[in-house]
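In what follows, every chain begins at residue 1, and chains take the letters A, B, ... in the order their sequences are listed.
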Amino acid sequence: MNTANLAAHPPLTGTSGIDFTQAMAFIWREAEMLDRHDYSPWLALWTEDGRYIIPIDQDETADPLNSLNIAYDDAEMRKARVKRLRSGFAMSSAPAARTARTVSRFVVVGDSEDGLDIRAVQHIVEYKFDRTRILAGEVLYRLVCGTDGLALARKEIRLLNSDDPLWGIGYLL
Amino acid sequence: MTETLPSRDYASLVQDDRVHTSLYRDPAIFDDEMDRIFKNTWVWVGHASEVPGPNTFKTSYVGRQPVILTRDKDDRFHVLLNRCRHRAATVCERRKGKGNVFVCPYHGWSYNIDGKLRAVPHASVYDDSFNKDDFALESLRVEQYNGMIFATFRQDIEPLVEFLGAATKWIDLFMKQGAGFGVKTLGEHQFRFRGNWKIQLENTTDAYHFPIVHKTFLDSLDAETENVFDVLGQGGWVEDLGNGHSLMVMIPDLVDLEANLDAPIPDRFAELASELAAEGHSDAMVRKIVRAVGGTGFNLNLFPNVACSMAFFRVLRPISVEETEIRHVAIGMDGGPEAGNRARLRLHEHFQGPMGFGSPDDAEGWERVQRGAQAGDNLWIMVNRGIDPLVGHIAGSNVTDVSAETGMRAAYQMWKRMMVA
C-alpha cells in the first residue's frame, strides 16, 4: 500500500484532512506490520515527536507522563526497542511469540487540525511454548497528515488487564 | 517421578553446594513450604506509602492467604485475613483505597478498619451466646522497619528487626533514594511466570546472568551508563547476611547515595540537573537528588519474598509449585521534585515490567529453568559458584565474588532450617 496515494485522496469530512477509510487502511497496515515483525517500516510510520504508550492505570484521566506505564516510548525508545526485538539476543524475542491481531470497532473521537483521533478495539492472540494467550483492549490512535502521507502521532494501548499480572511480552502491541 | 532420595527428606535435599530438583517440582514440598516458611516467618505485605494516611488500606497476600493491610485512624498498621468470619467471602476486592469500614457483600457483616466486627444485619435471630467480639477479622502480627511492612502468623517469633538483623543497615542505605524527602511507591509492574518461586528468589543475587540475559538492555544504554552497568567488573561482592538474607553489591560506587556528591553528574542526568537547578534547587540539592534518582548499586534479598533491588522493591508470591507472581514496585521521592520522579518512572519502565528491556528475558529464563527441570530423575541444581571468600577485599573477610552463588546458598540454608524444624 502506498500511504502517499491514500493521503492524496480527497478528505471526506473534518479539518484533519484524513478520511475514515484512509485511517482504517493505515491502522490495518500497521497491525499487519507488527504481526509480521516488520519493524523498520513501522518505525517510519511515526512523527518525530510521536508517543507509543501502554498505560497501567485504568483511569483514563491519569497522565501517563507522570505515571508508571508498561511502555512510554518516544522516538529514541521506539528505535531502541526495535533494535532489541530484532537483535536475536533477547531470550523473550528469540523467537518471539507468534501473533495474529484484529483491530475493529473504529470510532472517530476527534477530528481537528491536530489530527484524526480514532478509538478502536484490538484483540491479539499470541502463541509460544505450547501456550496460546489473548491480550485485548482499546487502542487510541492519533493520525496526522505528514509530508509523505499519514503518520502516527500517538498510539495508546489500554489493555483490559493492564493493572493485573501480565507476562513477558516479546513483541509490540 | 523416580527419586533415589526420600522425596521429602529436607536435610538431604539441600546440601551445601546443591539443591535437589524436586524443590522446583514436587507439589507436596510446595505445600510444606507454605506451612513451614510462609506461615512461620515475617512476610512482606507492603510499603507504608501504600497506606498513606488514616483509614487507608491495600490488599496483599501472606503465602497463599489473601490479606488486607490497613492503617487505622491512630496510624497503627493491621494485617487482616480477607475473609468474612460468617461464611468466608472476601470483604475487600479493591487493590487499595480509603475508608473505615469493610462490608461483606454476601450478608452485610461490617468490620472496622482494625478488623473488629461492627454490625450484623438482623442480629436478633442469633441466640444470646452470639458475641461480636468473637468474630473480628483474623489479625496477624505486624511490624515495620523503615517503611517496609511485614506480617506473620506467629506471635512467638523474634521481633522483625532481629529477623532482619544485618540487613537493616542495607535497608537504610536503600532508602537514601528518597533524597531526604522519604520514599514512596510510584506504581508497580506485575507479571507471572510458569516456574517455582525459588527460581526468582535465586535470581535477585545472581550477577552471573546479568551480562548474558540482559545484553540487549546493556546495548540500549549510552557508553557511560553501560560502563556503570558492567556489574561483574567493578569489584563488587556477595555476602550472606544471616536468616536467609543476602546482599549483592554490583556497583560499589553506588552503595551510599549521600557519598561522592562532588563527582561529575553523568551525561544522562544533565537535562534533569538543569531542570532541577531552574526550579531553584541549590547545587548541593541538585546533586543529591540526581544521585538518588539514579538508584543504588546493590540488591538486598530478604528471605522469603521481597528484595530491595537497586531502585525498586521486588516482591514474589508463590501461586503453585510451578507458578509465581512478581511485582516490581517503583519508588521515588515522597514530595520531592516531579522531574526527579518522572525520570525514575522512565528508568523503571526501561528495564522492568512485561515489556521492559530486562524483565521479559528474566521471566523467559525462569520458565526455561522450570521446563528443563522436568528432565532427569535425580539431578541437582548447582549453587557451588564462588564458595571461597575473597582475600583482602575492602568489604571484609566474609565476602565472595560478585558472581558467586552465595546468596542462593544462604537462602537454601534458611529454607532447610525452616523445613526440617
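- With A/D57 contributing its side chain and A/A62 its backbone, the two residues share no donor-acceptor pair below 3.5 Å.
- Residues of residues 368-375 of chain B lying under 4.5 angstrom from chain A, judged on non-hydrogen atoms, are B/R368, B/R371 in numerical order.
- Put simply, the side chain of A/K128 does not reach to within 4.5 Å of the side chain of A/W167, judged on heavy atoms.
- Comment: B/R342 engages B/E275 in a salt bridge, judged by a side-chain N to carboxylate O separation of less than 4.0 angstrom.
- Counting heavy atoms from C-beta outward, B/V183 and B/I331 have side chains that approach closer than 4.5 Å.
- Electrostatic pairing of B/R268 and B/D222 does not count as a salt bridge here, judged by no charged N lying under 4.0 Å from a carboxylate O.
- Residue contact with chain B, scored on non-hydrogen atoms closer than 4.5 Å, involves the side chain of A/D130 exclusively.
- Here B/D361 is the residue among B/T216, B/I212, B/D361, B/D362 with the most heavy-atom pairs under 4.5 Å with chain A.
- When B/R344, B/K215, B/R327 are compared by the number of non-hydrogen pairs under 4.5 Å with chain A, B/K215 comes out ahead.
- With a 6.0 Å cutoff to the six-membered ring centre and a 45° limit on the axis angle, B/R317 counts as a cation-pi contact of B/Y61.
- Between A/H37 and A/Y39, the ring planes lie parallel to each other; the angle is under 30°, not in the 30° to 60° tilted range.
- A salt bridge is absent between A/K79 and A/E76; no separation between the charged side-chain nitrogens and carboxylate oxygens falls under 4.0 Å.
- Contact check for A/L150 versus A/I18: side-chain heavy atoms found under the 4.5 Å cut-off.
- Note: A/M91 leads A/M91, A/K83, A/M77 in heavy-atom pairs under 4.5 Å with chain B.
- For B/F193, no part lies under 4.5 angstrom from a heavy atom of chain A.
- In this structure, chain B has heavy atoms under 4.5 Å from both the backbone and the side chain of A/F129.
- Ion pairing between A/D73 and A/R81 holds under the 4.0 Å rule for side-chain N and carboxylate O.
- Remark: B/K198 does not engage B/E202 in a salt bridge, criterion side-chain N to carboxylate O under 4.0 Å.
- In this structure, the portions of A/I70 lying under 4.5 Å from any heavy atom of chain B include both its backbone and its side chain.
- The greatest number of non-hydrogen atom pairs below 4.5 Å with chain A, out of B/E367, B/M355, B/H214, is found for B/M355.
- In this structure, A/R78 and A/W46 have side chains that are in contact, with non-hydrogen atoms separated by less than 4.5 Å.
- Here B/E323 does not pair with B/R194 in a salt bridge; the nearest charged N to carboxylate O distance is not below 4.0 Å.
- Residues A/I118 and A/F20 are in side-chain contact: their nearest non-hydrogen atoms beyond the backbone lie under 4.5 Å apart.
- Side-chain polar atoms of B/W366 and B/Q200 form no donor-acceptor pair below 3.5 angstrom.
- Interface remark: B/N341 contributes no atoms to any contact with chain A (heavy atom separation under 4.5 Å).
- Of all the listed residues (B/E338, B/R95, B/H350), the one sharing the greatest number of non-hydrogen pairs under 4.5 Å with chain A is B/R95.
- Of the atoms belonging to A/S67, it is backbone heavy atoms, and not side-chain ones, that fall under 4.5 Å from chain B.
- Side-chain atoms of A/S93 do not come within 3.5 Å of backbone N or O of A/L85 as any donor-acceptor pair.
- Using a 4.5 Å cut-off between non-hydrogen atoms, the part of residues 184-192 of chain B that approaches chain A consists of B/L186, B/G187, B/E188, B/H189, B/Q190, B/F191, B/R192.
- Of the listed residues (A/A71, A/A94, A/P165), the one with the most heavy-atom contacts under 4.5 Å to chain B is A/P165.
- With a threshold of 4.5 angstrom between heavy atoms, A/R131 approaches chain B through side-chain atoms but not through N, CA, C or O.
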